[in-house]
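Heads up: the structure comes next, in structure tokens.
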Number of protein chains: 2
Amino acid sequence: MTRTKTDLFTSDETRLAELAKALAHPARIAILKMLATKNSCICGEIVDELPLAQATVSQHLKELKNVGLIKGEIDGPKVCYCLNEDGIKELRLLWSALEANVMAKCC
Amino acid sequence: MTRTKTDLFTSDETRLAELAKALAHPARIAILKMLATKNSCICGEIVDELPLAQATVSQHLKELKNVGLIKGEIDGPKVCYCLNEDGIKELRLLWSALEANVMAKCC
DNA sequence: TAGTTTAATCGTAAAGCTACGATAAACGAT
DNA sequence: ATCGTTTATCGTAGCTTTACGATTAAACTA
């Protein structure tokens, strides 16, 4: 697999890196865990649970949404966030490929 | 699980985020795949395979080493890199916990 | 309609990431 | 000893991330 400047990396590498970046902050991991256990969650509850300002949490939520791991649905004045099944499935798939290609060869 | 300013996140969240950050660049994912398939690898071979300057690749290798996912062993004037079993195992463990706590609840 | 609640966005400061060329350090070979 | 090879490190530019307070926008509530 030779790489050139125009075809820098495979799309799987690029996409997995993108998803990994979304997980690259403890607050965002905490948010995902929270959404999984409570099944869905009003934005305010997430803010209350995290040791971060409302604006910062909103920013983290936006990142998770942009990358496709969660989605938010407006519910009156509030916003209800939940996991985005499509994104989670994609992450699982790309991860298990890495698991097979990398981890399995090692341990 | 209430969080305070002194105990911001759990150590698992923090460590997984750290490992995820190491995966948050396609070049570093490519490096891990390369080390897995070739089993071990002279630094120069990695540089040749990637569309990046030597200094940049060296920087990516350093990050992977610092986080514990690879190790490098000096072999004359060259350096031979390989996966670090301990770090890979840790990543698998933290990942499967996330898989159980998050993914399984969703799909 | 006025006031309150909720969440996104704006503006911004500080820190970190990514890339590269240039340089230094370590080693083998001549 | 000197030279070429190999890799790490330095210095630096440009961009991104993270954090927060302040503000805005939207939607209930009295």
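Computed from heavy atoms alone, side chains included, the values below leave out hydrogens, waters and symmetry copies. The sequence lines fix the lettering, A, B, ..., with proteins before strands; numbering per chain opens at 1. Just so it is clear, the structure is predicted and the values come from calculations on it, not from any experiment.
Regarding B:I74, its CD1 atom lies at a distance of 15 Å from the C1' atom of C:dG28, rounded to whole Å. Atom CD of B:E73 and atom P of C:dA26 are 18 Å apart (whole Å). Going from atom CG of B:D75 over to atom P of C:dA26 covers 17 Å, rounded to whole Å. Between A:L50 atom CG and D:dC20 atom C1' the separation is 15 Å, expressed in whole Å. To the nearest angstrom, P of C:dT18 lies 11 Å from CD1 of B:I31. C:dC17 atom C1' lies 16 Å from atom CD of A:E18, rounded to whole Å. Atom CG of B:L8 and atom C1' of D:dT18 are 13 Å apart (whole Å). At whole-Å resolution of the value, CD in B:Q54 and P in D:dT9 are 11 Å apart.
Checked against C:dC20, D:dG21, D:dA8, the side chain of A:A55 finds its nearest nucleotide in D:dG21. Comparing C:dA7, D:dC20, D:dT7 by their closest approach to the side chain of A:A53 singles out D:dC20. Of the listed nucleotides (C:dT6, C:dT9, C:dG21), C:dT6 has the atom at the smallest distance from the side chain of A:K78. The A:H25 side chain lies nearest to D:dT18 when the options are D:dG21, D:dC28, D:dT18.
Look at B:S58 and you'll find a side-chain N or O under 4.0 angstrom from OP1 or OP2 of D:dA8. Considering only side-chain N and O atoms, A:Y81 lies under 4.0 angstrom from the phosphate OP1 or OP2 of C:dA8. Phosphate proximity of C:dC17 to A:K21: absent, as no side-chain N or O sits under 4.0 Å from OP1 or OP2. Between B:T56 and C:dT18, a side-chain N or O to OP1/OP2 separation shorter than 4.0 Å is absent.
Note on residues 73-82 of chain A: no pairs pass side-chain hydrogen bond (donor to acceptor under 3.5 Å, both in side chains), not counting sequence neighbours.
With a 6.0 Å radius and a threshold of 12 heavy atoms from other residues, nucleotides or ligands, A:K105 has its NZ atom above the threshold.
When side chains are defined from C-beta on, A:L52 counts as touching A:H60, because their heavy atoms get closer than 4.5 Å. Using a 4.5 Å heavy-atom threshold, the side chains of B:L8 and A:P26 count as separate.
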*asked:* Determine whether A:V102 and B:I29 satisfy the following criterion, side-chain contact (heavy atoms from CB on, under 4.5 Å), listing intermediate values before the conclusion.
replied: CA-CA 9 Å; A:V102 174; B:I29 292 179; over 6 Å; no
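Ionic pairing of A:E18 and A:K21 is not present here: no N-O contact between side-chain nitrogen and carboxylate oxygen is shorter than 4.0 angstrom.
No hydrogens or angles were tested; on distance alone, nothing pairs the side chain of B:Q59 with the base of D:dA8 as donor and acceptor under 3.5 Å.
Annotation: proximity of residues 60-69 of chain B to DNA chain C (heavy atom, distance under 4.0 Å) is found for B:H60, B:E63, numbered in ascending order.
The aromatic rings of A:F9 and B:H25 lie perpendicular to each other, with more than 60° between the two planes, well past the 30° mark.
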